[in-house]
Amino acid sequence: MVDSFKGILYPARLPTFHRVPAPESVTDLVQWFWIPEWDIEPGHTSRQHLIAFPASNLVVQQELVEFAGPTTRRSHRDLTGRGWAVGALLRPALVPRFTDDPGSLRDAQLPLPLADLQASVSAAMSGTDPLARRQRAVEAFTGWLMTEGPEVSEEGLLANAMMDLVGTCTDVTRLEDVAARLFVSPRTLQRVAKKYIGLSPSALIRRRRLQEAADRSRTDPAADLAAIAAELGYTDHAHLTNDFQKTLGFTPSTYRRSVGQDPAGNQNDD
């Protein structure tokens, strides 16, 4: 299970947030479930900044269900009032169930008419015991997936394996590295990534390195940024800084300072 806060730029601003491992019955379809719950003071907004995992999500909210495509930049959500969401970080093999062109949904959300899923998850989240309602919500979501999810193809399993390899092997820094370990051609991986993910294999590698760099910068404020860059396969500190600036809009040093100044539990008009 990935660190609960990886991909979240300012964890101190989070409301109640949980990542729940996918049950074994749907591990080819879902990486994990994520459930935020919030109760924001009237007149205030809690802005949640993300460097999201390079995958699509299926998100159930109180009033709708939406498919969120892969992101290419820093994103945010503004939370107000009281609410919740139950999201599934989708494995690539499941993506064709919702779109045959995930690249067309980069940085976009598509509302879906899935009233049965919305109703069952909403009913589960209406309970008073926090742990029990989260468990019931995951069970409801899982039950719907097992009924509606497609049979996973060999090509879909290859897409899953590519995502797993890129996401967990820090010594994988080039498309050719991934292809060699999966015993397929680089062109095959490019085709599979386009169909099942909507981002290139190289973009997946860059996102993993950027997430790791942000996470290390936040959790180890004494670590030398040049050393972090070297460990993650960047050519030098300047390469890491450029990657940060291009995707997030600020440098690693600026990010590190902003995290240090952000008070725990901050809920603000951002």
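Throughout, residue positions are numbered sequentially from 1 according to the sequence presented.
Here D236 contributes atom CG and T241 contributes atom OG1; the two are 8.5 Å apart, rounded to the nearest 0.5 Å. The line from CD of E66 to CG of L58 is 9.0 Å long, rounded to the nearest 0.5 Å. Between the CG atom in L165 and the CE atom in M162 there is a gap of 9.5 Å [rounded to 0.5 Å].
Cluster partners of L64, using a side-chain heavy-atom cutoff of under 4.5 Å among ILVMFWY residues and allowing indirect links: none. Summarising the hydrophobic clusters (Ile, Leu, Val, Met, Phe, Trp, Tyr; side-chain heavy atoms under 4.5 Å, direct or chained), the residues clustered with L131 are none.
Not counting sequence neighbours, the partners of E37 by the side chain to side chain contact (heavy atoms under 4.5 Å, CB included) test are T16, I35, W84, M125, R133, R134. Remark: P70 engages S56, R106, L199 in a side chain to side chain contact (heavy atoms under 4.5 Å, CB included) (not counting sequence neighbours). Checked against ring pair (Phe, Tyr, Trp, His ring centres under 6.0 Å), H239 has the following partners two or more places apart in sequence or in another chain: Y234. With sequence neighbours left out, the side chain to side chain contact (heavy atoms under 4.5 Å, CB included) criterion links A226 to D224, H237. For S126, the side chain to side chain contact (heavy atoms under 4.5 Å, CB included) criterion is met by no residue, not counting sequence neighbours.
T147 places a side-chain N or O within 3.5 Å of a backbone atom of G143 that can act as its donor or acceptor partner. Proximity of a side-chain donor or acceptor of Q118 to a complementary backbone N or O of Q61 within less than 3.5 Å is detected. Without hydrogens or angle criteria, D28 side chain to A93 main chain gives no donor-acceptor distance under 3.5 Å. At distances below 3.5 Å, at least one donor-acceptor pair connects side-chain atoms of R208 with backbone N or O atoms of V172. When atom types are taken as modelled, the side chain of D215 and the backbone of Q211 share no donor-acceptor pair closer than 3.5 angstrom.
Here ring-ring contact (aromatic ring centres under 6.0 Å, His included) pairs that include residues 170-205, with residues two or more places apart or in two chains, number zero. For residues 140-152, every residue pair satisfying the salt bridge (Lys or Arg N to Asp or Glu O under 4.0 Å) rule, not counting sequence neighbours, is listed here: R97-E148. The ring-ring contact (aromatic ring centres under 6.0 Å, His included) contacts involving residues 117-155 comprise F33-F141, where partners must be two or more places apart or lie in separate chains. Under the ring-ring contact (aromatic ring centres under 6.0 Å, His included) criterion, no residue pair touches residues 146-178, with sequence neighbours excluded. Among residues at least two apart or in separate chains, salt bridge (Lys or Arg N to Asp or Glu O under 4.0 Å) pairs with a member in residues 158-170 are R91-D164.
Taking the six-membered ring where the residue is Trp, the centroids of W34 and F53 are separated by 6.0 Å or more.
Shortest non-hydrogen contact noted between I228 and A223 is CD1-CB, 3.9 Å. Between L248 and L210 the shortest heavy-atom distance is CG-CD2, 4.3 Å.
A donor and an acceptor atom, one from each side chain of T71 and R207, are located under 3.5 Å apart.
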